[in-house]
Every structure is written in structure tokens, then in C-alpha cells.
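Worksheet: one structure, shown below.
Computed from a predicted model, the values in this text were never measured in an experiment.
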Amino acid sequence: MVTDATFTPTGHLHAFERLKIDVGPHSHDALACGPADGEVVLLLHGWPEFADSWSAVLPALGTAGYRAVAVDQRGYAPDARPPRIADYAVPELVDDALAFADALGADRFHLVSHDWGGIVAWALAGAHPERLKSLTVLATPHPEALNRAAAGDPDQHHRLDYVRFFRRETGIAEAALLADGAARLRAVYGGKVPAELVDGNVRRLAEPGALTATLNWYRAPESVISVPAGRIAVPTLFLWGSEDIALGRTAAEATGEWVDGPYRFEVLDGASHWLPEEVPDLVTPRILDHLGTHRQG
């Protein structure tokens with residue numbers, strides 16, 4: 001474990017612990033804040049992001065007494081980059097998340113997630129509700145709600161064209177995203193993510209094999225959004241930005257139909273897809289309120 005000081009995207013200096021979490025043959029880099037004996041909050045990032053996408057959220061969780069840990073997931077951590085597309089199937093990613101919690105000594109934990117991390121979180125919550133105290137998902141609708149929206153809503157269907165592009169033969173999307181100084185990869189963030197985070201993400205994703213490994217998350221499912229996720233019994237907070245260009249209102253509003261436990265859905269008007277980096281001042285108090293409601297649950 002190494003502790004160092006890092007500037008968050010808001011420009012404030014915070015101390016993060018840098019951890020290594022071993023899962024089978026893989027080793028994952030992680031950032032942590034808060035007391036070692038605090039309730040564990042596991043944070044899962046999306047594409048194309050890393051654990052530091054949560055760097056403006058982690059300090060507040062740690063200050064509130066939680067053991068908040070954000071992990072570079074499979075394909076993102078250099079020492080957790082298996083070669084086969086099948087190695088990135090959602091059940092494998094769910095198992096990783098459970099193993100992270102096990103390594104942190106948490107039989108039950110709070111799960112906070114964004115984008116692809118949200119897909120993993122929905123699947124985990126549906127299959128293993130006994131492991132969770134609470135679930136928080138940013139941006140990503142329940143996979144079944146998204147699937148139905150994509151089938152019945154032409155707008156949502158076309159919003160997922162980028163996924164269809166990513167699923168083409170390995171190498172095509174990689175070349176396009178990294179061409180011209182990674183111009184298309186940089187454009188993905190829509191100017192909503194701090195420049196220092198974008199630069200770091202691009203640098204790391206340009207390393208040999210890195211971008212392919214992360215795109216394999218999109219390639220592993222049988223079809224564009226064929227991700228298994230059951231009904232949700234755990235207390236759930238779902239935050240969605242009204243200006244999300246990938247995930248539309250139809251699926252967001254339908255997500256509650258798949259949640260049987262206590263459920264809170266909030267629309268963040270004017271916010272884009274990149275909620276942890278763009279509007280941490282909006283999402284952090286809502287996360288803390290949700291965690292506090294279900295603390296020691």
C-alpha cells in the first residue's frame with residue numbers, strides 16, 4: 001500500500017491510498033480513502049475510464065467514515081488483461097467485483113457504479129443480493145429496461161450504434177479511436193471530463209493491448225446488450241443525466257420496473273453521461289444520503 005497526494009478534477013488536494021488487489025492470477029490497481037475498519041463502498045468505473053474517474057467522489061466517502069475503494073477492473077489494470085474475448089463476459093466481471101469485496105474483508109458492502117460498471121452492478125445485485133447493503137448506479141439503466149428500449153424505441157436503438165461499431169472485427173475500432181492522436185477517443189468524453197483525466201485515460205488506453213481488452217467488454221455478450229440481470233431486491237439509487245447521449249430517457253424511466261426493493265430515481269437536468277467527473281458536487285451528496293440510509297443494514 002502506498003499513500004500519496006493527488007489533485008482531484010476539482011483542483012483540491014486529497015490523499016489516496018494506492019492498493020493492489022489480487023484476484024486469482026490477476027492484480028488490480030485501486031484507489032482508497034477512509035478508515036480501514038469502515039463499511040466498504042466498492043466503486044466500479046465504466047468505459048473509457050479508470051478508478052480515478054471517482055477521484056472527486058472518494059474523499060467525501062472516506063471523510064464520512066466509509067472504506068471507499070475504486071478499482072481498475074479487468075482489462076484496465078495492466079496485470080489483469082486476459083487474452084480471450086470470453087474472459088470479459090459479465091459473469092467473469094461480477095466474480096471479479098465479489099472477489100474485490102472479499103479481498104477487502106467485506107461479506108456485505110455498498111456498491112457504487114457508472115456506465116459499464118453499472119451493467120456489472122445490476123447483474124451482481126440481481127444474482128447476489130445477499131452481498132449488498134445498497135446499490136447505486138449512475139447513468140446505466142437496468143439491462144432489461146435498456147434491451148426493451150432498444151427494441152421498441154428507434155432513438156435508443158440508434159444511440160447504441162457505437163456499440164455495434166465496437167463489436168466489429170478486433171482492430172477496426174481500435175485503429176479508428178487511436179488515429180490522429182486519439183482524436184475520436186478524446187471526443188468520446190464530449191468535453192465533460194477534466195483534461196488531466198482525459199489525457200491520463202488516453203495514455204493508458206494507448207498502451208499495447210489495453211484498448212482491445214477494454215473493448216472486449218462490448219464484444220463478449222452474444223449481442224449488443226444481451227447481458228443477464230435479474231430483478232433487484234436491494235435498496236437502489238439510480239441517477240441519470242438528461243443530456244446523456246448514449247442512454248436515453250425511455251430506458252432510464254423504465255428501470256424502476258425491475259426494482260422490487262426500495263428505489264429512488266433522480267434525473268440530473270442538464271448533466272451528461274459523465275456524472276462522476278462532470279457533476280461530482282451533485283452526485284456525491286446523493287450517494288452519501290443513500291449510503292447513510294442503509295448504513296449497517
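Panel note: side chain Arg81, backbone Gly75; a donor-acceptor pair is recorded below 3.5 Å. Counting only distance, with no hydrogens or angles, the side chain of Gln73 and the backbone of His45 share a donor-acceptor pair below 3.5 Å. Side chain of Thr214 to backbone of Leu211: a donor-acceptor contact under 3.5 angstrom is found. A donor-acceptor pair is defined here as one N or O able to donate and one able to accept, closer than 3.5 Å; such a pair exists between the side chain of Arg167 and the backbone of Pro221. Side-chain atoms of Arg67 come within 3.5 Å of backbone N or O of Gly34 as a donor-acceptor pair. Side-chain N or O atoms of Asn201 include one that pairs as donor or acceptor with a backbone N or O of Pro48 at under 3.5 Å. Under a 3.5 Å cut-off, the side chain of Asp115 and the backbone N or O of Gly117 do not form any donor-acceptor pair. Checked by atom type and distance alone, the side chain of Asp244 never pairs as donor or acceptor with a backbone atom of Gly241 at under 3.5 Å. In this structure a side-chain-to-backbone donor-acceptor pair under 3.5 Å is present from Asp72 to Ala51. Proximity of a side-chain donor or acceptor of Trp122 to a complementary backbone N or O of Pro141 within less than 3.5 Å is detected.
For the pair Phe16 and Cys33, the tightest heavy-atom approach, listed with the atom from each and the gap, is CD2-SG, 3.4 Å. Considering every non-hydrogen atom in both Pro276 and Val57, the closest pair reads O-CG2, 4.3 Å. Heavy atoms only, all atoms of each residue included: Gly118 and Ser113 are closest at CA-OG, 3.4 Å. Taking each heavy atom of Val259 and Pro262 in turn, the nearest pair found is CG1-O, 4.4 Å. Considering every non-hydrogen atom in both His28 and Ala80, the closest pair reads CE1-CB, 3.5 Å. For the pair Thr250 and Ala149, the tightest heavy-atom approach, listed with the atom from each and the gap, is CG2-CB, 4.0 Å.
Around CD of Glu222, the count of heavy atoms belonging to other residues, nucleotides or ligands within 6.0 Å does not exceed 12. A 6.0 Å sphere centred on CD1 of Ile172 holds more than 12 heavy atoms belonging to other residues, nucleotides or ligands. Around atom CZ of Arg148, no more than 12 heavy atoms belonging to other residues, nucleotides or ligands sit under 6.0 Å away.
For Tyr76 and Trp217, the ring centers sit closer than 6.0 Å to each other. Note: Trp116 and Tyr218 meet the aromatic proximity criterion, with ring centroids under 6.0 Å apart.
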Report the C-alpha distance between Val23 and Arg74 in whole Å, list the side-chain angles of each, state the deciding distance to 0.1 Å, and finish with yes or no for side chain to side chain contact (heavy atoms under 4.5 Å, CB included). CA-CA 10 Å; Val23 177; Arg74 180 179 296 221; 5.7 Å; no
Show your working on salt bridge (Lys or Arg N to Asp or Glu O under 4.0 Å) between Lys192 and Glu49 and close with a plain yes or no. CA-CA 13 Å; Lys192 303 298 184 180; Glu49 301 163 300; over 6 Å; no
Checking Arg219 against Thr212 for the side chain to side chain contact (heavy atoms under 4.5 Å, CB included) test, could you report, in this order, the C-alpha distance in whole Å, the side-chain angles of both residues, the deciding distance, and whether it holds? CA-CA 10 Å; Arg219 295 165 177 154; Thr212 292; 4.0 Å; yes
Verdict with supporting geometry, Arg131 and Asp107, salt bridge (Lys or Arg N to Asp or Glu O under 4.0 Å): CA-CA 6 Å; Arg131 295 298 305 271; Asp107 292 332; 5.4 Å; no
Could you walk me through whether Leu291 and Glu39 pass the side chain to side chain contact (heavy atoms under 4.5 Å, CB included) check? CA-CA 10 Å; Leu291 297 181; Glu39 289 185 44; over 6 Å; no
The test is side chain to side chain contact (heavy atoms under 4.5 Å, CB included); show your working for Trp47 and Phe166 and say whether it passes. CA-CA 12 Å; Trp47 185 92; Phe166 289 171; 3.4 Å; yes
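Counting heavy atoms from C-beta outward, Trp54 and Val71 have side chains that stay 4.5 Å or more apart. Counting heavy atoms from C-beta on, the side chains of Asp87 and Asn216 never come closer than 4.5 Å. Using a 4.5 Å heavy-atom threshold, the side chains of Gln156 and Leu146 count as touching. Contact check for Leu239 versus His290: no side-chain heavy atoms found under the 4.5 Å cut-off. Side-chain contact between Leu93 and Ile119 is absent, with no heavy-atom pair separated by less than 4.5 Å. Using a 4.5 Å heavy-atom cutoff, the side chains of Leu135 and Tyr263 are not in contact. No side-chain heavy atom of Arg18 sits under 4.5 Å from any side-chain heavy atom of Asp29. You'll find the side chain of His142 stays beyond 4.5 Å of the side chain of Val137, heavy atoms only.
One finds the CG atom of Leu177 at 12.5 Å from the CZ atom of Arg186 (value rounded to the nearest 0.5 Å). Taking CG of Asp199 as the start and CZ of Arg204 as the end, the distance is 13.0 Å to the nearest 0.5 Å. A distance of 12.5 Å separates CG in Leu185 from CG in Asp180, rounded to the nearest 0.5 Å. A distance of 9.5 Å separates OG of Ser53 from CG of Leu31, quoted to the nearest 0.5 Å. For the atom pair His110 NE2 and Lys133 NZ, the distance stands at 5.0 Å (nearest 0.5 Å). Atom CG in Leu58 sits 10.5 Å away from atom OG1 in Thr63 (nearest 0.5 Å).
Applying the side chain to side chain contact (heavy atoms under 4.5 Å, CB included) rule to Arg231 yields the partners Trp258, Asp260; only residues at least two apart in sequence or on another chain are considered. Applying the side chain to side chain contact (heavy atoms under 4.5 Å, CB included) rule to Ala176 yields the partners Phe165, Arg184; only residues at least two apart in sequence or on another chain are considered.
Put simply, Ile85 and Val163 are part of two different groups of oily side chains (I, L, V, M, F, W, Y) that touch within less than 4.5 Å, one to the next. Trp274 is connected to Tyr162 through a chain of hydrophobic side-chain contacts under 4.5 Å among Ile, Leu, Val, Met, Phe, Trp and Tyr, so both are in one cluster.
Judged as a ring pair (Phe, Tyr, Trp, His ring centres under 6.0 Å), the pairs with a partner in residues 235-254 (not counting sequence neighbours) are, in order, Phe238-Phe265.
Annotation: cation-pi pair Arg295/Tyr66 present, NZ/CZ under 6.0 Å from the ring centroid and within 45° of its normal.
The pair Asp155-Arg159 counts as a salt bridge, with a side-chain nitrogen and a carboxylate oxygen less than 4.0 angstrom apart. Salt-bridge check for Arg164 with Asp161: passed, with a basic side-chain N closer than 4.0 Å to an acidic carboxylate O.
Put simply, the residue from Leu104, Leu61, Thr136 that forms a side-chain contact (heavy atoms from CB on, under 4.5 Å) with Val41 is Leu61.
Between Ser272 and Glu278, the side chains place a donor N or O and an acceptor N or O closer than 3.5 Å (distance only, hydrogens not considered). Between Asp22 and Ser27, the side chains place a donor N or O and an acceptor N or O closer than 3.5 Å (distance only, hydrogens not considered).
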